[in-house]
Amino acid sequence: MVVVGAGEAGAGAVTALREGGWTGPLVLIGSEDSLPYERPPLSKAFLVEEPPPGPRQILTSERLRELRVTTFFGRSALSIDRSRRTVKISGGANVPYERLLLATGASPRTLPPKYGSAQNVLTLRTHDDAVRLRAAIKPGSKTVVVGGGFIGLEVASSAVSRGASCVVLEAGPRLLTRAVPEVLARLIQGRHEEAGVQIVTSASITRIEERAEQTLIILDDARVFYADMVVVGIGAEPNVKLAEAAGLSVDNGIVVDETLTASDPNIFAAGDCCSFPHPLYERRLRLEAWRNARRQAITAAANMLGAHQIHDDIPWFWSDQYEETLQIAGICPDQPAVHRDLGPKGTVLFYLDHDSKLVAACGFGSLGVVAKEIRFSEILIARRLKLSPAALADPTMNIKSLLVG
Amino acid sequence: MTSGENWVVACTVDAIQPAEALRVDIGSRTFVVVRSPDGQFFAMDGHCSHEKVHLADGIVDGNIIECPKHFGTFDYRSGESRALPACIDLKSYQVKVEADSVYIRV
Ligand SMILES: Cc1cc2nc3c(=O)[nH]c(=O)nc-3n(C[C@H](O)[C@H](O)[C@H](O)COP(=O)(O)OP(=O)(O)OC[C@H]3O[C@@H](n4cnc5c(N)ncnc54)[C@H](O)[C@@H]3O)c2cc1C
Ligand code: FES
């Protein structure tokens, strides 16, 4: 068994393969020169805590030894020979496989070159990126974040928490356009503004330049922002070059079926690079979410060992900003929601389908309150129970009691 | 305090319903007291070992308490971690019930 990509999904898969009973050779290939680590802390605890915590490892070298994994870290998979079933890796070796998992993740989008270039423009994906960013967001320094999505807003929250100033430039008319309903996005915006972050929506950048020690960001309405560090958080593209070159089907991610098998029955994909059909939604999904990577790794590993498991985990995502958490279960549709107002502790929105079954829920507020609401919502979504909007909206009603249907 | 050393009142018996958990702060320490579905009481350190999150905000299912943040799980009877990403066990504490109070041996 060979796994390409030593991130969340790849690390989870080698563990699941051994725990699932695979006793033969197990190889993990990762282009980063480090043990697999968790990315979510990079925009949160790593930027804020004093002293900075080390990378939070998913697998230690001891655990890798215990699992008898042959590792190639700091080496990239360059090509796949599907007829010979080998993977060529940098440095020259050809690694044979019986089954192959592609867990290559995603790479941050960068600004188009027409905007110009500057030294202090960074994207945030790796530990090394986070080390550079942390060094720049000192008290009194200026950070400009391009993109009002999750990573940008987490960086903004971390920057102001460390005493840096921060401006968020968002091209769209509001924050978090992709996954978060407007009501919550407005609440989140309010929280950032309260903390001193300047949010500029409908911002259209025309140029980025370097002048003296600072970087200038110029908008088309002639507004100019100065920064010691510019962080670009405008989404990520799945890493599919390897799959594409091998002739696998690719469409916004490596195309797999519901068992996470790619268009070659010996090749599987999991995590941010994977485009999969979800039985609950009438379209393919590609999620850039930590739990999705973990859970898909487990399904893919089981299926690499001959099971036929369908991946039907309810999508789930969280983001931390300030002391608050945002959690989402399911995919929030563009339709009116049932609101549950939990006062200062938060707000939760529920989405029902035409049949009064819950399809998604999201909440923003204190972890203790929001987490429970969203966790039980996730169970309600999976059980396809019919629910009453009035009960969902009633903040005095314990959501757990709905589980008995 | 009752007889014996280091027994501290954590809460009253009716403060926790079966299959629920309660955060209990004693001095500077935080515990989670869990009432199992069949009504028994257990206690562990109150923060998840993955990040510093209050476990009492998570859900109790069978012998397991699930962390509200990333769903790491612990066996609340022993403190043993059961599901990643929480891979470090928590310390569990002896518990006794006297009259209508729950005591932890800290
Ligand atoms: C800063 C940051 C904060 C985040 N915060 C959250 C959050 O709060 N909540 C949440 O749900 N999600 C969050 N995420 C998303 C989450 O981290 C990802 O969804 C998850 O890491 C995806 O795992 P993966 O294994 O698919 O990809 P990755 O973790 O990116 O791993 C892929 C690995 O494959 C390697 N690779 C790629 N191509 C090759 C090749 N050809 N050969 C060898 N190796 C290769 C890459 O170098 C990389 O190490 C965050 C992500 C980032 C970057
Ligand atoms: S904080 Fe408990 S599992 Fe992450």
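Everything numeric here is computed off the predicted structure, so don't read it as measured data. Lettering of chains follows the sequences in order, A, B, ..., and the numbering in each one begins at 1.
- For the pair A/Arg294 and B/Phe71, the cation-pi criterion (under 6.0 Å, within 45° of the ring axis) is not fulfilled.
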Would B/His70 and A/Glu38 satisfy side chain to side chain contact (heavy atoms under 4.5 Å, CB included), going step by step from the backbone distance to the final call? CA-CA 12 Å; B/His70 314 116; A/Glu38 293 186 9; 5.9 Å; no
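- Taking CZ of A/Arg375 as the start and SG of B/Cys67 as the end, the distance is 11.0 Å to the nearest 0.5 Å.
- Surrounding CG of B/Asp61 are at most 12 heavy atoms belonging to other residues, nucleotides or ligands under 6.0 Å away.
- Contacts of A/Glu378 with chain B are made by side-chain atoms alone, with heavy-atom separations under 4.5 Å and no backbone atom involved.
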Report the C-alpha distance between A/Arg56 and B/Glu51 in whole Å, list the side-chain angles of each, state the deciding distance to 0.1 Å, and finish with yes or no for salt bridge (Lys or Arg N to Asp or Glu O under 4.0 Å). CA-CA 10 Å; A/Arg56 200 195 277 149; B/Glu51 278 179 19; 3.0 Å; yes
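- The distance from the CG atom of B/Leu84 to the OG1 atom of A/Thr15 is 7.0 Å, given to the nearest 0.5 Å.
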When you look at A/Asp320 and B/Lys69, which way does the side chain to side chain contact (heavy atoms under 4.5 Å, CB included) test go after all the steps? CA-CA 10 Å; A/Asp320 293 333; B/Lys69 193 141 187 205; 2.6 Å; yes
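- A/Glu323 CD: 12 or fewer foreign heavy atoms inside a 6.0 Å radius.
- Here B/Glu20 pairs with A/Lys400 in a salt bridge; the nearest charged N to carboxylate O distance falls below 4.0 Å.
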